[in-house]
Amino acid sequence: MKIASVIVDVPTTQTDRPFDYAIPDVWQGFIQRGMRVIVPFGNRQVQGFVLDLKNHSEFSNLKELIEPMDLVPVLNDELLHLGDFLAKTTLCMKISAYQVMLPPALKAKYDKYLILGNDTELQQLPFELQLLFDKKERVLWKDAVEVMSASYLYREARNGMFEVIYEVKNKGNKKKITYYRPAFSEQEFKKRLESVTLGNKQAQIIQFFLAYFQPHTVASIEENVTGARNSLKSLVEKGFLQKEEHEQYRDPYQDRQFVRTTALALTEEQQQVISPILKSIEEVNNDVFLLHGVTGSGKTEVYLQSIDEVIKKGKEAIVLVPEISLTPQMVNRFKGRFGNKVAVLHSGLSIGEKYDEWRKIQRKEVQVVVGARSAIFAPFENLGIIIIDEEHETSYKQEDSPRYHARDVAIERGNYHQCPIILGSATPSLESFSRAKKGVYTLLTMAKRMNQSALPKVEIVDMREELRTGNRSMFSQALLEKMRDRIEKKEQIVLFLNKRGYSSFVMCRDCGLVVQCPHCEVSLTYHKVSNQLKCHYCGYESYAPKTCPECQSEHIRFFGTGTQKVEEEIGKILPEARIIRMDVDTTSRKGAHEKLLTAFQEGKADILLGTQMIAKGLDFPNITLVGVLTADTMLHIPDFRASEKTFQLLTQVSGRAGRHQLPGEVVIQTYTPEHYSVQLAKEHDFIQFYQQEMSIRRVGQYPPYYYLALINVSHENLQLVVKVMDKITTFIRHNLSNQARVLGPAASPIARINNRYRYQCLIKYKKEPNLIPVIQKAIAHFHEEQLKKGMTITVDLNPFTMM
DNA sequence: AGCACGCCGACT
DNA sequence: GTCGGCGTGCTC
């Protein structure tokens, strides 16, 4: 095999195909499919993935590839194939599909350098450049353009004064740890000592080695002989010690003790649910199970015992959880059961830590991976099960290219490995539940909580009524009384503030002006800490105005209830309450999240106050009251899934209460108590909610009855955006069947971000085999505009947000 | 993406 | 006449 077919790291439609390279003799037999290589591309070097090896190419004068970047392939055949699947089903570049499957540490970085031409003397250069080149062979391009214009540099490069070179940075990411070991046996060591005289420090080090005759790290030598580091080198030179480097994994969980657990006895329901799963594992079937289990019904134990069975068969398991750093309890459960067989992958890890966890998987040192969305690409080769917990979570859909959904990838991989998939949730997505009803998935139900505990009693409080009776605080009378009661009883409270879609905006009470971002069509968010207004879309910041910028009125107010404000108010009315506040501000530091939760678990606070991040996975026995301060803010966002999201959230939050011996109670405060998603969450009635919501989706022609595709065009010039979007929409409308509904063009819900206008076209369809080629054709038409005018066109198949 | 090639206006 | 504007097309 003399030729490698390579996908290059140039993410454009024109280069989204394999390029052939000759394999130089030195690398013959070494280069394999799935390896990363450095190849010449045009006049620069880029990274690429070897797709294939072959002996013939249609292209006659091939360049040689430069060198491999890996010792062993980073992508196996299955993942190479999966990349193709991603590119086809999400309309992304193949290179982006492959990059997303690997830990970010393996993504190439490029450096552009300037080196002197062959005949160039340093003195010929302008003074500023002479300084840069001083004693250096090469100068970073970005340093050079600081002192000389790019056009000058390019011109002189053309004249031969410089050469411009590119280099793929292959970062040595492996963490090395240095050991010193005795160079010979103990007797030999002593014998040799007699024939030399050593300095004081060196003698001390030798004594230390004689006392503990084994390899030592520099740190441990230093502990015993201070200043030893300076003498180690000469001991190596004299032949007493050998220096060696061991690769070491950074283990983010290394200094933590995990209490080992064994399988718990299953409840009757759990047994009923697990037996078809075990059967599927046994028979190597590619079944998809939808495990619908109420909060606290013990889904995790079902996962654990299924995985255990898979491991016994010598296979591997992937467990996806929504943003795992948010649920350290979950990690503990897996680490506790499977110990060092588990790798953990989530966004809280550093790039290096992610890389290390990934390598444990690649080297088959672990059998289980627990992680967020991208863990679905774990390079296992013998998958026995894939579990997606909280299956309905929107975070399983990646919101930028490649816009894949982990569930779809899971099903594709399950099909390849012929292994079962479990989708678990207390509130399944309508898509999954309807598939289960149709028999595409196998529905498994757990309707009871473990520990004989009942689902919590839910009380809905109409906040309009509170207002009428003169209560203007954010706590209803009912909630306040219950909070007092729990604090007295030394039981714990979780207060949930639903902030999404309800940022704390600034409004003038006189003229009604809402302060907006000058670059985006969104209202600015007030941040109390810095007294600033910030735009969450483009990062614009300004100081909070004291008077209305429009009418100069002083009645300008900050609307919306932030966690800080709630904390302040509790401090006023319940001064004895100890509060832990969890939001972006208090959990941004690494590990802060877990610390706060641990403190709460240990009873160091009465109230846990937070946003989204406390809705899931909390399982503390002492929580007996859950308060939802504003249940309906999410209902008003322009999204057909608003009701579904509200129902899911209320159910999840309620599920935090009374999971163990003590009974739980939930208070939901709302301005729309009659809404079915609020009412049915109170009744814990998912089935009823499903039916009601489905009929609305049917009428509105929304998923799961229809599939969606969203095309978005953005550019600074509004006219251009409208024109292009209009042409695309018309083209698509004419080329799909009349079953399809093509809506638009219309301004996006956020009509402008970063001064770029945004228009969109929404396609609703049931069956359109030509959809993807038609969209591709429509977009291809506007290639030039994209290239020259900086217009962006994006396509999101099965979008989760319409923003 | 990044660059070379190439064809038209304003400068020595 | 030439420098440089950016429109066009190519990269194995």
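Chain letters run A, B, ... following the sequence lines, proteins first, then strands; residues in each count from 1.
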Euclidean distance, atom [atom1] of residue [X] to atom [atom2] of [N] [Å, nearest integer]:
| X | N | atom1 | atom2 | result |
| --- | --- | --- | --- | --- |
| A:I7 | C:dC12 | CD1 | C1' | 12 Å |
| A:I38 | C:dT11 | CD1 | P | 22 Å |
| A:Q14 | B:dG2 | CD | C1' | 11 Å |
| A:I66 | C:dC12 | CD1 | P | 11 Å |
| A:L51 | C:dC12 | CG | P | 16 Å |
| A:D20 | C:dT11 | CG | P | 13 Å |
| A:D9 | B:dG2 | CG | P | 11 Å |
| A:R17 | C:dC10 | CZ | P | 10 Å |

My understanding is that only residues two or more places apart in sequence, or in another chain, count here; which of them pass side-chain hydrogen bond (donor to acceptor under 3.5 Å, both in side chains) with A:N798? none
Does A:T15 have any side-chain hydrogen bond (donor to acceptor under 3.5 Å, both in side chains) partners at least two apart in sequence or in another chain, and if so, which? A:T12
Can you tell whether the side chains of A:K364 and A:E316 come within less than 4.0 Å, N to carboxylate O? no
Considering only NZ, NE, NH1 and NH2 on the basic side and carboxylate oxygens on the acidic side, decide whether A:K107 and A:D9 come within less than 4.0 Å. no
What residues in residues 54-64 of chain A put a non-hydrogen atom under 4.0 Å from any atom of DNA chain C? A:F59, A:L62, A:K63
So A:Y21, base contact, sugar-phosphate only, or nothing? Heavy-atom distance under 4.0 Å. sugar-phosphate
Which atom pairs, one a donor and one an acceptor, fall under 3.5 Å between side chains of residues 767-775 of chain A and the rest of the protein, sequence neighbours left out?
{"unit_1": "A:E768", "atom_1": "OE1", "unit_2": "A:S737", "atom_2": "N", "d": "3.2"}
{"unit_1": "A:E768", "atom_1": "OE2", "unit_2": "A:S737", "atom_2": "OG", "d": "2.5"}

Could you pull out all residues at least two apart from A:H519 that satisfy ring-ring contact (aromatic ring centres under 6.0 Å, His included)? A:Y540
Contact list (N/O, under 3.5 angstrom) for nucleotides 3-6 of chain B vs protein:
{"unit_1": "B:dC3", "atom_1": "OP1", "unit_2": "A:K112", "atom_2": "NZ", "d": "3.3"}
{"unit_1": "B:dC3", "atom_1": "OP1", "unit_2": "A:Y166", "atom_2": "OH", "d": "2.1"}
{"unit_1": "B:dC3", "atom_1": "OP2", "unit_2": "A:Y154", "atom_2": "OH", "d": "2.8"}

With sequence neighbours left out, what residues match A:V722 under side chain to side chain contact (heavy atoms under 4.5 Å, CB included)? A:L718, A:Y759
Just grab all the salt bridge (Lys or Arg N to Asp or Glu O under 4.0 Å) pairs involving residues 745-754 of chain A, residues at least two apart or on different chains. A:E521-A:R752
For residues 71-87 of chain A, the salt bridge (Lys or Arg N to Asp or Glu O under 4.0 Å) pairs (sequence neighbours left out) are A:R33-A:D77, A:E78-A:R413, A:D84-A:K88
